[in-house]
There are 2 protein chains.
Amino acid sequence: MLEYRRMTLAKPAFPAPDHDHGRCTADALAHAEEVCEQRAQKFTPIRRQVLAALLSSHRPLGAYEVIDELAKSMPRPAPITVYRALDFLMANGLVHRIESRNAYLACAAHDHDATSAVAFLICERCGLVGEIPSASFAKDLNAAARSSGFAPKLSVVEITGVCAHCQKAA
Amino acid sequence: MLEYRRMTLAKPAFPAPDHDHGRCTADALAHAEEVCEQRAQKFTPIRRQVLAALLSSHRPLGAYEVIDELAKSMPRPAPITVYRALDFLMANGLVHRIESRNAYLACAAHDHDATSAVAFLICERCGLVGEIPSASFAKDLNAAARSSGFAPKLSVVEITGVCAHCQKAA
DNA sequence: TGAATATAATAAGCAAGCTTACGATTATTC
DNA sequence: GAATAATCGTAAGCTTGCTTATTATATTCA
Ligand SMILES: [Zn+2]
Ligand SMILES: [Zn+2]
Ligand SMILES: [Zn+2]
Ligand SMILES: [Zn+2]
């Protein structure tokens, strides 16, 4: 029961419109610090700022949108600066790349391991993106792949649709 | 048994290195003609040529690669020309877009209905791409999505890994 | 045949994503 | 404290993906 609560709390499938986003952001930044310390990686100001920019919403941002976001609070960074930070954050499992959008999303589920597959739920109305743990389907997916002798490594699973909140609003 | 043969022939999960690709291409073009006729759509020369370019390999090609391919046998087409053809071919289920590559792939499984989800197996060694029918996993995937109230519409499932042939070659 | 529609060619351009090159700055390490 | 490595800033540029606008060519059909 405790385990169940912990899991459902730790892995919200989709960001609820009324969640405490300040807390949500603070937690993510704290988590990032922790991860970097554990791995002896440097969570430098620019890396923090890029992550913070992504955390400002639960929407994936293109690299140039990140630049625009940062430009609000500092001298406009060059693309390379942002790409370097994004590479770092992705390498450490703090940011996901949404392939179908060429965009980047701050990881909101700090408990899946960095290498494991994640599926994304992308709402076509509000643009918010949720993560669902791969456990529930990766097995079947990988089995289907392996049935033809294919050795799966990395899975991109991105589901577009309408989130619960936007359905009600319609 | 007959049904089984038909299905495995019609839905090869991954293009075998020794398959009769000439036949494979001819079949696909014939199928395209058929589909267009049934739908009263025009399978014009440029559309045919773009499809043929994509069929030249089982690799996804970017729009500019398609242009390069066409340039070999005709005056270099403008981007817009190719994009129009690609849009047409996608709308009629003859071509898939591989989101994680910003590239286009000729559909090699002429029997899945145009709207249903498909998963792709992308070999990171040889670059070939196979399709697997969604049936085997779409159910679980959609169920996982719906469990959080999300109404899934379109799924992008792209699995990178190593194909059977490249595993042997290694 | 002539109007309406669909398709294609021509020309130009924009925006996004990403990279290369190089010098400056900061940490680490010996 | 000098050498090394990691990080960052600056400047420039490349490629790809895709669009807009306009004119021309077929097709369809009344
Ligand atoms: Zn939040
Ligand atoms: Zn929504
Ligand atoms: Zn083939
Ligand atoms: Zn291969």
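Quick note on labels: first sequence line is chain A, next is B, and so on, each numbered from 1.
The side chain of A/Y83 approaches C/dC18 more closely than any other nucleotide in the set C/dC18, C/dT7, D/dT7. The A/R47 side chain lies nearest to D/dC8 when the options are C/dG17, D/dT27, D/dC8.
A cation-pi contact links B/R47 to B/F88, judged by a cut-off of 6.0 Å to the six-membered ring centre and 45° from its axis.
Within 4.0 Å (heavy atoms only), B/F88 reaches no atom of the nucleic acid at all. Note on B/A78: a base of the nucleic acid sits closer than 4.0 angstrom, heavy atoms only. A/R97 comes within 4.0 angstrom of the backbone, heavy atoms only, and of no base. Here A/I80 lies in heavy-atom contact (under 4.0 Å) with a base.
Nearest-nucleotide positions on DNA chain D for A/Y64 and A/A85 put A/A85 closer to the 5' end.
Taking a cutoff of 4.0 Å between a charged side-chain nitrogen and a carboxylate oxygen, A/R97 and A/E99 qualify as a salt bridge.
At its two ends the helix from C/dT1-D/dA30 to C/dC30-D/dG1 runs along axes set 30° apart, each axis drawn from five pairs and the angle rounded to 10°.
For B/E99 and C/dG17, the CD to P distance is 14 Å, given to the nearest whole Å. A/L61 has its CG atom 14 Å from the C1' atom of C/dA16, to the nearest Å. In this structure, B/R76 places its CZ atom 14 Å from P of C/dT10, rounding to the nearest Å. Going from atom CD1 of A/I46 over to atom P of D/dT7 covers 14 Å, rounded to whole Å. The CZ atom of A/R48 sits 17 Å away from the P atom of D/dT7 (whole-angstrom rounding).
The distance between the ring centers of B/H96 and B/Y104 does not fall below 6.0 angstrom.
The base of C/dA6 lies outside donor-acceptor range of the side chain of B/R84, with no N or O pair under 3.5 Å.
Closest approach of B/A144 to A/I132, counting heavy atoms only: CB-CD1, 4.0 Å. Considering all non-hydrogen atoms of both residues, B/E158 and B/V156 come closest at OE2-CG1, 3.4 Å.
At least one donor-acceptor pair under 3.5 Å links the side chain of B/Q167 to the backbone N or O of B/V162.
Remark: A/Y104 is in phosphate contact with C/dC18, judged by side-chain N or O atoms under 4.0 Å from OP1 or OP2.
Surrounding CD of B/E37 are at most 12 heavy atoms belonging to other residues, nucleotides or ligands under 6.0 Å away.
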